[in-house]
Colleague: 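Shown below is the structure under consideration.
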Amino acid sequence: MRLVSTFLVLFAFWLLLSGFFTAFLMVAGAVTALLVVLFSRRMDIADREGHPVHLAPRAVLIYWPWLTKEIIKSSWQVATVILQPGLPISPTLVRLRSTQKTDVGRTVFANSITLTPGTLTVEAGRDEFLVHALTRSGARDLASGEMDRRVSEFEREL
Amino acid sequence: MRGDLVLRVIAKLLIPFILVFGLYVQFHGDYGPGGGFQAGVIVAAAIIFHALIYGLPLTRRAVPEWVVELMVAAGILLYAGVGVATMLLGGNFLDYSVLAHEPVHGQHLGILLVELGVGITVTGVMLIIFYMFAGRSRSPHSES
Amino acid sequence: MTSQIIDLASWLLIAGGGIFCMIGALGLLRMPNFFTRMHAASLIDSLGAPMLLLGMILQSGFTLVSAKLLFIALLLFFTSPTATHALARAARARGVGPDLAEELPTATDREDK
Amino acid sequence: MFESAVIALLLALTGALVRALLGPTIFDRTQAVNSSGTLAMLLLAAIGFMNGRPDFLDIAIIYGLLNVIGTIAVLKFFQYGDLGDPGNNADDSDNETAGSAK
(Lines give C-alpha, C1' and ligand atoms only; values in the text may rest on other atoms or scores of the structure.)
Protein backbone atom coordinates (compact mmCIF):
# COMPACT_ATOMS: atom_id res chain seq x y z
CA MET A 1 0.00 0.00 0.00
CA ARG A 2 2.72 2.42 0.96
CA LEU A 3 4.70 1.32 -2.05
CA VAL A 4 1.77 2.20 -4.29
CA SER A 5 1.50 5.66 -2.84
CA THR A 6 5.26 6.14 -3.15
CA PHE A 7 4.97 5.12 -6.77
CA LEU A 8 2.17 7.60 -7.38
CA VAL A 9 4.00 10.45 -5.71
CA LEU A 10 7.17 9.76 -7.67
CA PHE A 11 5.25 9.46 -10.92
CA ALA A 12 3.52 12.78 -10.26
CA PHE A 13 6.92 14.28 -9.56
CA TRP A 14 8.14 13.00 -12.92
CA LEU A 15 5.13 14.40 -14.78
CA LEU A 16 5.52 17.81 -13.21
CA LEU A 17 9.22 17.87 -14.01
CA SER A 18 8.79 16.66 -17.54
CA GLY A 19 5.80 18.51 -18.93
CA PHE A 20 5.92 16.46 -22.14
CA PHE A 21 3.02 14.06 -22.24
CA THR A 22 4.18 11.83 -25.08
CA ALA A 23 3.57 8.11 -24.76
CA PHE A 24 7.24 7.27 -24.61
CA LEU A 25 8.00 9.68 -21.80
CA MET A 26 4.97 8.56 -19.81
CA VAL A 27 6.12 4.95 -20.04
CA ALA A 28 9.64 5.98 -19.16
CA GLY A 29 8.31 7.85 -16.14
CA ALA A 30 6.29 4.88 -14.96
CA VAL A 31 9.28 2.58 -15.37
CA THR A 32 11.48 5.07 -13.55
CA ALA A 33 9.10 5.41 -10.64
CA LEU A 34 8.75 1.64 -10.39
CA LEU A 35 12.51 1.11 -10.50
CA VAL A 36 13.09 3.75 -7.87
CA VAL A 37 10.46 2.26 -5.58
CA LEU A 38 12.03 -1.17 -5.86
CA PHE A 39 15.50 0.23 -5.44
CA SER A 40 14.57 2.22 -2.36
CA ARG A 41 13.10 -0.93 -0.88
CA ARG A 42 16.43 -2.55 -1.52
CA MET A 43 18.21 0.36 0.09
CA ASP A 44 15.90 -0.03 3.07
CA ILE A 45 14.58 3.51 2.93
CA ALA A 46 11.01 2.85 1.80
CA ASP A 47 9.30 2.67 5.16
CA ARG A 48 6.83 4.85 6.98
CA GLU A 49 9.57 7.23 8.03
CA GLY A 50 10.83 7.70 4.52
CA HIS A 51 7.45 8.44 3.00
CA PRO A 52 5.33 10.37 5.47
CA VAL A 53 2.53 11.09 3.04
CA HIS A 54 -0.04 10.76 5.79
CA LEU A 55 1.26 14.00 7.26
CA ALA A 56 1.14 16.05 4.08
CA PRO A 57 -2.33 17.63 4.33
CA ARG A 58 -1.86 18.78 7.90
CA ALA A 59 1.60 20.06 7.06
CA VAL A 60 0.46 22.15 4.14
CA LEU A 61 -2.79 23.43 5.61
CA ILE A 62 -2.05 23.94 9.27
CA TYR A 63 1.60 23.80 10.13
CA TRP A 64 3.38 25.57 7.26
CA PRO A 65 1.34 28.81 7.40
CA TRP A 66 2.14 29.17 11.07
CA LEU A 67 5.80 28.33 10.43
CA THR A 68 5.95 30.92 7.65
CA LYS A 69 4.64 33.57 9.99
CA GLU A 70 7.24 32.61 12.60
CA ILE A 71 10.03 32.67 10.03
CA ILE A 72 9.09 36.13 8.84
CA LYS A 73 8.82 37.45 12.39
CA SER A 74 12.17 36.13 13.54
CA SER A 75 13.88 37.03 10.26
CA TRP A 76 12.88 40.61 10.85
CA GLN A 77 14.40 40.49 14.32
CA VAL A 78 17.65 38.99 13.08
CA ALA A 79 17.84 41.48 10.22
CA THR A 80 17.47 44.42 12.60
CA VAL A 81 20.14 42.93 14.85
CA ILE A 82 22.55 42.62 11.94
CA LEU A 83 21.89 46.15 10.74
CA GLN A 84 22.40 47.82 14.10
CA PRO A 85 25.90 49.19 14.45
CA GLY A 86 26.28 47.94 18.02
CA LEU A 87 25.49 44.35 17.01
CA PRO A 88 23.37 43.61 20.13
CA ILE A 89 23.71 39.85 20.26
CA SER A 90 23.60 37.68 23.35
CA PRO A 91 24.27 34.09 22.23
CA THR A 92 22.59 31.53 24.41
CA LEU A 93 22.45 27.77 24.59
CA VAL A 94 19.18 26.30 25.80
CA ARG A 95 18.13 22.78 26.54
CA LEU A 96 14.60 22.14 25.37
CA ARG A 97 12.34 19.27 26.18
CA SER A 98 10.61 17.81 23.16
CA THR A 99 7.39 15.87 23.45
CA GLN A 100 7.27 14.27 20.01
CA LYS A 101 6.77 10.55 19.82
CA THR A 102 8.27 9.66 16.45
CA ASP A 103 11.53 10.42 14.74
CA VAL A 104 9.68 12.22 11.97
CA GLY A 105 8.09 14.53 14.52
CA ARG A 106 11.46 15.21 16.14
CA THR A 107 12.95 15.94 12.76
CA VAL A 108 10.15 18.35 11.96
CA PHE A 109 10.71 20.09 15.27
CA ALA A 110 14.48 20.26 14.86
CA ASN A 111 14.26 21.56 11.32
CA SER A 112 11.60 24.10 12.27
CA ILE A 113 13.88 25.44 14.97
CA THR A 114 16.77 25.66 12.57
CA LEU A 115 14.64 27.17 9.82
CA THR A 116 13.60 30.13 11.92
CA PRO A 117 16.56 32.49 11.84
CA GLY A 118 17.99 33.29 15.23
CA THR A 119 17.69 29.78 16.62
CA LEU A 120 19.32 26.56 15.50
CA THR A 121 19.35 22.99 16.72
CA VAL A 122 22.80 21.86 17.70
CA GLU A 123 21.96 18.47 19.12
CA ALA A 124 18.77 16.54 18.51
CA GLY A 125 18.35 13.85 21.09
CA ARG A 126 15.56 11.54 22.01
CA ASP A 127 13.59 13.87 24.24
CA GLU A 128 15.94 16.80 24.69
CA PHE A 129 17.26 19.28 22.17
CA LEU A 130 20.25 21.55 22.53
CA VAL A 131 19.43 24.84 20.85
CA HIS A 132 21.65 27.80 20.14
CA ALA A 133 19.93 31.18 19.98
CA LEU A 134 21.32 34.44 18.72
CA THR A 135 19.59 36.58 21.32
CA ARG A 136 18.31 35.89 24.78
CA SER A 137 14.79 36.93 23.85
CA GLY A 138 14.79 34.46 20.96
CA ALA A 139 15.73 31.68 23.37
CA ARG A 140 12.97 32.78 25.71
CA ASP A 141 10.39 32.71 22.93
CA LEU A 142 11.40 29.20 22.03
CA ALA A 143 11.39 28.04 25.62
CA SER A 144 7.75 29.05 25.93
CA GLY A 145 7.15 25.78 24.07
CA GLU A 146 4.60 26.88 21.53
CA MET A 147 6.46 25.38 18.59
CA ASP A 148 6.93 22.11 20.45
CA ARG A 149 3.22 21.97 21.20
CA ARG A 150 2.26 22.67 17.60
CA VAL A 151 4.66 20.07 16.20
CA SER A 152 3.35 17.46 18.63
CA GLU A 153 -0.17 18.28 17.63
CA PHE A 154 0.79 18.03 14.00
CA GLU A 155 2.46 14.63 14.23
CA ARG A 156 -0.33 13.05 16.23
CA GLU A 157 -2.79 10.62 14.66
CA LEU A 158 -0.01 8.55 13.14
CA MET B 1 26.08 9.62 10.95
CA ARG B 2 23.20 7.23 11.40
CA GLY B 3 23.03 8.35 15.00
CA ASP B 4 21.73 11.72 13.88
CA LEU B 5 18.01 11.42 13.43
CA VAL B 6 17.56 14.59 11.40
CA LEU B 7 20.00 13.48 8.73
CA ARG B 8 18.57 9.98 8.70
CA VAL B 9 14.95 11.02 8.22
CA ILE B 10 15.68 13.72 5.65
CA ALA B 11 17.91 11.38 3.64
CA LYS B 12 15.18 8.78 3.57
CA LEU B 13 12.77 11.37 2.29
CA LEU B 14 15.11 12.83 -0.28
CA ILE B 15 16.89 9.91 -1.95
CA PRO B 16 13.95 8.58 -4.03
CA PHE B 17 13.31 12.05 -5.41
CA ILE B 18 16.95 12.51 -6.32
CA LEU B 19 16.89 9.19 -8.16
CA VAL B 20 13.74 10.13 -10.11
CA PHE B 21 15.27 13.48 -10.92
CA GLY B 22 18.41 11.80 -12.20
CA LEU B 23 16.45 9.51 -14.48
CA TYR B 24 14.38 12.48 -15.64
CA VAL B 25 17.58 14.19 -16.72
CA GLN B 26 18.58 10.95 -18.41
CA PHE B 27 15.47 10.72 -20.55
CA HIS B 28 15.09 14.38 -21.40
CA GLY B 29 18.47 14.85 -22.98
CA ASP B 30 16.95 16.09 -26.22
CA TYR B 31 14.55 18.59 -24.61
CA GLY B 32 16.66 20.52 -22.17
CA PRO B 33 20.08 20.59 -20.61
CA GLY B 34 20.93 17.08 -19.57
CA GLY B 35 21.93 13.73 -20.91
CA GLY B 36 23.72 10.62 -19.88
CA PHE B 37 26.69 12.12 -18.13
CA GLN B 38 24.79 14.44 -15.81
CA ALA B 39 22.19 11.78 -15.11
CA GLY B 40 24.89 9.31 -14.17
CA VAL B 41 26.43 11.81 -11.79
CA ILE B 42 23.08 12.56 -10.12
CA VAL B 43 22.16 8.91 -9.66
CA ALA B 44 25.62 8.20 -8.28
CA ALA B 45 25.26 11.20 -5.96
CA ALA B 46 22.04 9.77 -4.57
CA ILE B 47 23.74 6.46 -3.82
CA ILE B 48 26.76 8.23 -2.34
CA PHE B 49 24.38 10.22 -0.14
CA HIS B 50 22.96 6.94 1.10
CA ALA B 51 26.46 5.73 1.86
CA LEU B 52 27.32 8.93 3.71
CA ILE B 53 24.34 8.67 6.01
CA TYR B 54 23.87 4.93 6.46
CA GLY B 55 27.44 3.80 6.05
CA LEU B 56 29.26 1.99 3.30
CA PRO B 57 28.44 -1.60 4.35
CA LEU B 58 24.70 -1.06 3.94
CA THR B 59 25.16 0.60 0.58
CA ARG B 60 27.45 -2.19 -0.53
CA ARG B 61 24.69 -4.60 0.31
CA ALA B 62 22.15 -2.67 -1.75
CA VAL B 63 24.53 -2.06 -4.65
CA PRO B 64 27.17 -4.79 -4.57
CA GLU B 65 30.54 -4.18 -6.12
CA TRP B 66 30.08 -6.74 -8.87
CA VAL B 67 26.93 -4.93 -9.99
CA VAL B 68 28.89 -1.70 -10.23
CA GLU B 69 31.63 -3.37 -12.24
CA LEU B 70 29.01 -4.93 -14.46
CA MET B 71 27.44 -1.51 -14.98
CA VAL B 72 30.70 -0.01 -16.19
CA ALA B 73 31.16 -2.79 -18.70
CA ALA B 74 27.51 -2.98 -19.74
CA GLY B 75 27.27 0.73 -20.44
CA ILE B 76 30.25 0.70 -22.73
CA LEU B 77 28.97 -2.49 -24.33
CA LEU B 78 25.62 -0.83 -25.01
CA TYR B 79 27.33 2.18 -26.54
CA ALA B 80 29.60 0.13 -28.73
CA GLY B 81 26.84 -2.34 -29.47
CA VAL B 82 24.68 0.40 -30.95
CA GLY B 83 27.62 1.45 -33.07
CA VAL B 84 28.28 -2.06 -34.28
CA ALA B 85 24.59 -2.65 -34.91
CA THR B 86 24.45 0.41 -37.13
CA MET B 87 27.47 -0.89 -39.03
CA LEU B 88 25.85 -4.29 -39.44
CA LEU B 89 22.70 -2.62 -40.73
CA GLY B 90 24.74 -0.91 -43.39
CA GLY B 91 25.56 2.53 -42.03
CA ASN B 92 28.62 4.11 -40.52
CA PHE B 93 29.61 3.64 -36.88
CA LEU B 94 26.89 5.28 -34.72
CA ASP B 95 24.91 6.30 -37.82
CA TYR B 96 21.55 6.10 -36.07
CA SER B 97 19.29 6.61 -39.08
CA VAL B 98 19.45 2.95 -40.10
CA LEU B 99 18.17 1.64 -36.75
CA ALA B 100 14.49 1.95 -37.64
CA HIS B 101 12.44 2.20 -40.76
CA GLU B 102 12.30 5.96 -40.60
CA PRO B 103 15.58 7.81 -40.09
CA VAL B 104 14.12 10.16 -37.48
CA HIS B 105 12.87 7.30 -35.32
CA GLY B 106 16.18 5.58 -35.72
CA GLN B 107 18.00 8.66 -34.56
CA HIS B 108 15.79 8.96 -31.50
CA LEU B 109 16.30 5.32 -30.59
CA GLY B 110 20.02 5.46 -31.21
CA ILE B 111 20.58 8.59 -29.15
CA LEU B 112 18.45 7.16 -26.35
CA LEU B 113 20.43 3.93 -26.22
CA VAL B 114 23.78 5.66 -26.43
CA GLU B 115 22.84 8.10 -23.69
CA LEU B 116 21.65 5.20 -21.56
CA GLY B 117 25.01 3.54 -22.06
CA VAL B 118 26.83 6.71 -21.06
CA GLY B 119 24.61 7.13 -18.00
CA ILE B 120 25.13 3.58 -16.79
CA THR B 121 28.87 3.78 -17.27
CA VAL B 122 29.19 7.12 -15.52
CA THR B 123 27.16 5.89 -12.55
CA GLY B 124 29.34 2.82 -12.32
CA VAL B 125 32.61 4.70 -12.55
CA MET B 126 31.55 7.30 -9.97
CA LEU B 127 30.50 4.57 -7.57
CA ILE B 128 33.71 2.62 -8.05
CA ILE B 129 35.75 5.73 -7.34
CA PHE B 130 33.68 6.40 -4.24
CA TYR B 131 33.86 2.83 -3.00
CA MET B 132 37.61 2.86 -3.35
CA PHE B 133 38.03 6.21 -1.61
CA ALA B 134 35.62 5.45 1.18
CA GLY B 135 36.70 1.90 1.81
CA ARG B 136 40.38 2.62 1.89
CA SER B 137 41.15 4.74 4.88
CA ARG B 138 40.28 2.67 7.89
CA SER B 139 39.15 -0.82 6.98
CA PRO B 140 41.77 -2.77 5.06
CA HIS B 141 39.51 -5.82 5.24
CA SER B 142 37.20 -4.69 2.47
CA GLU B 143 34.34 -7.05 2.11
CA SER B 144 34.09 -7.34 -1.65
CA MET C 1 -5.84 45.22 -12.98
CA THR C 2 -5.19 42.02 -11.11
CA SER C 3 -2.20 41.32 -13.32
CA GLN C 4 -0.74 44.66 -12.29
CA ILE C 5 -1.22 43.82 -8.63
CA ILE C 6 0.47 40.46 -9.13
CA ASP C 7 3.29 42.15 -10.99
CA LEU C 8 3.79 44.66 -8.23
CA ALA C 9 3.71 41.95 -5.57
CA SER C 10 6.28 39.87 -7.42
CA TRP C 11 8.65 42.81 -7.83
CA LEU C 12 8.27 43.64 -4.17
CA LEU C 13 9.06 40.04 -3.25
CA ILE C 14 12.08 39.93 -5.54
CA ALA C 15 13.41 43.22 -4.22
CA GLY C 16 12.83 42.12 -0.63
CA GLY C 17 14.52 38.77 -1.27
CA GLY C 18 17.54 40.48 -2.75
CA ILE C 19 17.76 42.85 0.18
CA PHE C 20 17.48 40.03 2.71
CA CYS C 21 20.17 38.04 0.90
CA MET C 22 22.47 41.04 1.13
CA ILE C 23 21.67 41.53 4.81
CA GLY C 24 22.45 37.88 5.42
CA ALA C 25 25.78 38.18 3.64
CA LEU C 26 26.54 41.31 5.64
CA GLY C 27 25.77 39.37 8.80
CA LEU C 28 28.05 36.60 7.61
CA LEU C 29 30.83 39.18 7.49
CA ARG C 30 29.99 41.09 10.66
CA MET C 31 29.21 38.37 13.20
CA PRO C 32 32.03 37.64 15.62
CA ASN C 33 32.12 33.83 15.72
CA PHE C 34 31.00 30.69 14.01
CA PHE C 35 27.67 29.97 15.69
CA THR C 36 26.40 33.51 15.34
CA ARG C 37 27.41 33.53 11.69
CA MET C 38 25.22 30.53 11.09
CA HIS C 39 22.18 32.56 12.13
CA ALA C 40 23.02 35.16 9.52
CA ALA C 41 23.38 32.44 6.90
CA SER C 42 20.01 30.99 7.79
CA LEU C 43 18.54 34.40 7.00
CA ILE C 44 19.61 33.83 3.39
CA ASP C 45 18.30 30.29 3.28
CA SER C 46 14.97 30.69 4.96
CA LEU C 47 13.78 34.15 4.00
CA GLY C 48 15.82 35.58 1.14
CA ALA C 49 15.67 32.54 -1.10
CA PRO C 50 11.95 31.77 -0.67
CA MET C 51 11.03 35.41 -1.29
CA LEU C 52 13.04 35.49 -4.50
CA LEU C 53 11.60 32.18 -5.65
CA LEU C 54 8.05 33.22 -4.80
CA GLY C 55 8.53 36.42 -6.76
CA MET C 56 9.71 34.44 -9.77
CA ILE C 57 6.77 32.05 -9.40
CA LEU C 58 4.39 35.01 -9.53
CA GLN C 59 6.21 36.31 -12.58
CA SER C 60 5.97 33.07 -14.51
CA GLY C 61 2.34 32.35 -13.67
CA PHE C 62 0.76 28.93 -13.70
CA THR C 63 3.30 27.04 -15.78
CA LEU C 64 5.84 24.26 -15.50
CA VAL C 65 8.51 26.82 -14.77
CA SER C 66 6.75 27.71 -11.56
CA ALA C 67 6.44 24.00 -10.70
CA LYS C 68 10.20 23.72 -10.97
CA LEU C 69 10.69 26.85 -8.89
CA LEU C 70 8.42 25.32 -6.31
CA PHE C 71 10.60 22.21 -6.28
CA ILE C 72 13.65 24.36 -5.70
CA ALA C 73 11.88 26.07 -2.81
CA LEU C 74 10.83 22.74 -1.29
CA LEU C 75 14.32 21.35 -1.76
CA LEU C 76 15.75 24.32 0.12
CA PHE C 77 13.04 24.00 2.74
CA PHE C 78 14.06 20.43 3.54
CA THR C 79 17.79 20.52 2.98
CA SER C 80 19.04 23.84 4.25
CA PRO C 81 18.13 23.30 7.92
CA THR C 82 19.52 19.79 7.63
CA ALA C 83 22.86 21.05 6.39
CA THR C 84 22.90 23.79 9.02
CA HIS C 85 22.16 21.30 11.76
CA ALA C 86 24.87 18.95 10.52
CA LEU C 87 27.34 21.84 10.51
CA ALA C 88 26.45 22.94 14.03
CA ARG C 89 26.66 19.41 15.33
CA ALA C 90 30.00 18.72 13.68
CA ALA C 91 31.41 22.02 14.91
CA ARG C 92 30.36 21.29 18.48
CA ALA C 93 31.74 17.76 18.32
CA ARG C 94 35.00 19.23 17.14
CA GLY C 95 35.08 21.67 20.05
CA VAL C 96 34.28 25.00 18.41
CA GLY C 97 32.85 26.85 21.38
CA PRO C 98 29.58 28.72 21.05
CA ASP C 99 30.95 31.64 23.12
CA LEU C 100 27.95 32.27 25.30
CA ALA C 101 26.64 35.46 26.81
CA GLU C 102 25.34 33.70 29.90
CA GLU C 103 25.40 30.39 31.64
CA LEU C 104 23.50 27.47 30.25
CA PRO C 105 19.94 27.53 31.56
CA THR C 106 18.62 24.05 32.01
CA ALA C 107 15.29 22.72 30.94
CA THR C 108 14.01 22.93 34.48
CA ASP C 109 14.63 26.58 35.19
CA ARG C 110 13.23 27.72 31.93
CA GLU C 111 9.80 27.60 33.47
CA ASP C 112 10.40 30.67 35.61
CA LYS C 113 10.92 33.01 32.70
CA MET D 1 14.34 44.42 -12.43
CA PHE D 2 15.85 40.95 -12.60
CA GLU D 3 19.10 42.77 -13.24
CA SER D 4 18.95 44.38 -9.81
CA ALA D 5 18.16 41.01 -8.22
CA VAL D 6 21.19 39.57 -9.99
CA ILE D 7 23.35 42.43 -8.74
CA ALA D 8 22.10 41.96 -5.18
CA LEU D 9 22.82 38.23 -5.38
CA LEU D 10 26.30 38.89 -6.75
CA LEU D 11 27.03 41.28 -3.89
CA ALA D 12 25.82 38.71 -1.36
CA LEU D 13 27.91 36.06 -3.11
CA THR D 14 30.96 38.27 -2.79
CA GLY D 15 30.32 38.60 0.93
CA ALA D 16 30.02 34.84 1.33
CA LEU D 17 33.22 34.27 -0.64
CA VAL D 18 35.10 36.81 1.49
CA ARG D 19 33.93 34.90 4.55
CA ALA D 20 35.12 31.67 2.95
CA LEU D 21 38.54 33.22 2.45
CA LEU D 22 38.75 34.77 5.92
CA GLY D 23 36.99 32.11 7.98
CA PRO D 24 39.23 31.05 10.82
CA THR D 25 37.87 27.51 11.18
CA ILE D 26 37.03 24.88 8.62
CA PHE D 27 33.39 25.13 9.66
CA ASP D 28 33.24 28.83 8.83
CA ARG D 29 34.49 28.04 5.38
CA THR D 30 32.07 25.17 4.91
CA GLN D 31 29.23 27.39 6.04
CA ALA D 32 30.26 30.11 3.62
CA VAL D 33 30.53 27.63 0.77
CA ASN D 34 27.10 26.27 1.61
CA SER D 35 25.60 29.75 1.59
CA SER D 36 27.30 30.65 -1.65
CA GLY D 37 25.90 27.44 -3.14
CA THR D 38 22.40 28.59 -2.25
CA LEU D 39 23.12 32.02 -3.66
CA ALA D 40 24.53 30.53 -6.86
CA MET D 41 21.39 28.46 -7.23
CA LEU D 42 19.23 31.59 -6.95
CA LEU D 43 21.57 33.38 -9.31
CA LEU D 44 21.10 30.66 -11.92
CA ALA D 45 17.34 30.98 -11.67
CA ALA D 46 17.45 34.78 -11.83
CA ILE D 47 19.82 34.81 -14.81
CA GLY D 48 17.58 32.30 -16.56
CA PHE D 49 14.66 34.66 -16.11
CA MET D 50 16.73 37.66 -17.18
CA ASN D 51 17.57 35.99 -20.47
CA GLY D 52 14.08 34.60 -20.88
CA ARG D 53 15.38 31.03 -20.82
CA PRO D 54 14.11 29.27 -17.70
CA ASP D 55 15.79 26.04 -18.84
CA PHE D 56 18.46 26.87 -16.32
CA LEU D 57 16.16 25.72 -13.55
CA ASP D 58 17.17 22.08 -14.01
CA ILE D 59 20.75 23.08 -13.47
CA ALA D 60 19.71 25.05 -10.41
CA ILE D 61 18.04 21.96 -8.94
CA ILE D 62 21.17 19.91 -9.59
CA TYR D 63 23.24 22.60 -7.95
CA GLY D 64 21.08 22.55 -4.87
CA LEU D 65 21.26 18.77 -4.57
CA LEU D 66 25.00 18.60 -4.97
CA ASN D 67 25.40 21.50 -2.56
CA VAL D 68 23.82 19.58 0.30
CA ILE D 69 25.48 16.28 -0.49
CA GLY D 70 28.84 18.00 -0.80
CA THR D 71 28.44 19.83 2.49
CA ILE D 72 27.54 16.65 4.33
CA ALA D 73 30.41 14.79 2.69
CA VAL D 74 32.91 17.43 3.78
CA LEU D 75 31.53 17.43 7.30
CA LYS D 76 31.61 13.69 7.52
CA PHE D 77 35.17 13.62 6.31
CA PHE D 78 36.24 16.09 8.95
CA GLN D 79 34.31 14.36 11.68
CA TYR D 80 35.26 10.76 10.99
CA GLY D 81 38.10 10.94 8.50
CA ASP D 82 36.29 8.34 6.46
CA LEU D 83 33.39 8.76 4.06
CA GLY D 84 31.94 5.29 4.37
CA ASP D 85 31.82 5.03 8.12
CA PRO D 86 28.40 4.08 9.41
CA GLY D 87 29.01 6.06 12.59
CA ASN D 88 27.15 3.65 14.77
CA ASN D 89 28.77 4.80 17.97
CA ALA D 90 26.20 7.48 18.61
CA ASP D 91 26.42 11.06 19.53
CA ASP D 92 29.29 12.71 21.28
CA SER D 93 31.80 9.93 21.73
CA ASP D 94 33.44 10.73 18.39
CA ASN D 95 35.79 13.41 19.61
CA GLU D 96 38.80 11.13 19.69
CA THR D 97 38.28 9.74 16.23
CA ALA D 98 37.73 13.25 14.90
CA GLY D 99 41.25 14.10 16.02
CA SER D 100 42.68 11.41 13.77
CA ALA D 101 41.21 13.08 10.72
CA LYS D 102 44.20 15.32 10.27
Side-chain angles (χ1 to χ4, degrees), chain C residues 7 10-11 13-15 17-31 33-35 37-38 40-45 48-49 51-53 55-56 59-60 63-69 71-73 75-76 78-80 82-84 86-96, chain D residues 1-2 4-9 11-20 22-28 30-32 34-39 41-42 44-46 48-49 54-55 57-58 60-61 63-65 67-72 74-76 78-80 91-95 98-99 101:
Chain C
D7 221 31
S10 87
W11 291 134
L13 281 170
I14 290 177
I19 290 169
F20 270 107
C21 281
M22 285 202 288
I23 293 176
L26 183 69
L28 215 54
L29 290 175
R30 278 194 76 195
M31 288 294 184
N33 63 14
F34 170 68
F35 274 88
R37 267 174 219 136
M38 295 189 65
S42 86
L43 198 61
I44 297 178
D45 284 346
M51 275 175 88
L52 274 169
L53 291 171
M56 289 183 204
Q59 273 291 305
S60 62
T63 54
L64 276 166
V65 172
S66 42
K68 275 182 193 169
L69 285 168
F71 282 137
I72 296 183
L75 182 77
L76 265 180
F78 283 113
T79 57
S80 84
T82 312
T84 309
L87 258 164
R89 191 167 177 273
R92 186 162 173 277
R94 203 54 194 279
V96 177
Chain D
M1 186 66 189
F2 279 115
S4 54
V6 168
I7 291 171
L9 285 172
L11 282 175
L13 199 57
T14 317
L17 287 180
V18 169
R19 179 43 76 195
L22 290 177
T25 66
I26 186 79
F27 299 107
D28 285 299
T30 317
Q31 168 70 73
N34 191 13
S35 293
S36 53
T38 309
L39 289 170
M41 193 169 96
L42 293 171
L44 269 173
F49 266 91
D55 294 353
L57 289 178
D58 281 349
I61 296 178
Y63 211 101
L65 286 175
N67 190 20
V68 183
I69 298 178
T71 304
I72 291 177
V74 168
L75 287 177
K76 182 153 188 190
F78 277 97
Q79 206 172 358
Y80 297 99
D91 294 343
D92 278 339
S93 60
D94 303 309
N95 286 344

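Since the model is a prediction, treat every value here as computed from it, not as a measurement. Chain naming here is simple, since letters A, B, ... match the order of the sequence lines and numbering starts at 1 in each.
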Colleague: Tell me, side chain or backbone of D:Leu9 under 4.5 Å from chain C's heavy atoms, or both, or neither?
Modeller: side chain
Colleague: Should C:Gln59 and C:Asp7 count as side-chain neighbours, where that means a heavy-atom distance under 4.5 Å?
Modeller: yes
Colleague: Quick one: are D:Phe27 and D:Leu75 in side-chain contact, heavy atoms under 4.5 Å?
Modeller: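 Counting from C-beta outward, D:Phe27 and D:Leu75 do come under 4.5 Å.
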Colleague: Given that the side chain runs from C-beta out, which part of D:Leu39 has a heavy atom under 4.5 Å from chain C: side chain, backbone, both or neither?
Modeller: side chain
Colleague: Strictly below 4.0 Å, N to O, side chains only: are D:Asp28 and D:Arg19 in salt-bridge contact?
Modeller: no
Colleague: Identify which part of C:Leu28 has an atom lying under 4.5 Å from any heavy atom of chain D, answering side chain, backbone, both or neither.
Modeller: both
Colleague: Could you measure the distance from the CD atom of D:Gln31 to the CZ atom of C:Phe35? Nearest 0.5 Å is fine.
Modeller: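 So the gap between those two atoms works out to 10.5 Å.
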Colleague: Who wins among C:Ile72, C:Leu87, C:Thr79, C:Val65 for the most heavy-atom pairs under 4.5 Å with chain D?
Modeller: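 Option with the top pair count is C:Leu87.
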Colleague: Please determine which of C:Ile44, C:Asp45, C:Leu75 meets the side chain to side chain contact (heavy atoms under 4.5 Å, CB included) test together with C:Ser80.
Modeller: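 Result for side chain to side chain contact (heavy atoms under 4.5 Å, CB included) with C:Ser80: C:Asp45.
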Colleague: In terms of relative ring orientation, are D:Phe2 and C:Trp11 parallel, tilted or perpendicular, with 30° and 60° separating the classes?
Modeller: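 Taking C:Trp11 first and then D:Phe2, their aromatic rings stand perpendicular (interplane angle over 60°).
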Colleague: Select one option (side chain, backbone, both, neither) describing which atoms of C:Leu64 are under 4.5 Å from chain D's heavy atoms.
Modeller: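 When you check distances to chain D, no heavy atom of C:Leu64 falls under 4.5 Å.
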Colleague: Kindly compute the distance separating CG (C:Leu52) from CG (D:Leu42), expressed to the nearest 0.5 Å.
Modeller: 5.5 Å
Colleague: Among D:Ala45, D:Ala16, D:Ala5, which has the most heavy-atom pairs under 4.5 Å with chain C?
Modeller: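 Among the listed options, the one with the most contacts to chain C is D:Ala45.
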Colleague: Using a cut-off of under 4.5 Å for heavy-atom pairs, which of D:Ser4, D:Ala12, D:Ala60 has the most such pairs with chain C?
Modeller: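 Winner by heavy-atom pair count: D:Ala12.
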Colleague: C:Thr84, C:Ile23, C:Thr82, C:Leu69: which one forms the most heavy-atom pairs within less than 4.5 Å of chain D?
Modeller: C:Leu69
Colleague: Heavy-atom distance under 4.5 Å to chain D: side chain of C:Leu29, backbone, both or neither?
Modeller: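 For C:Leu29, the contact with chain D is made by backbone and side chain together.
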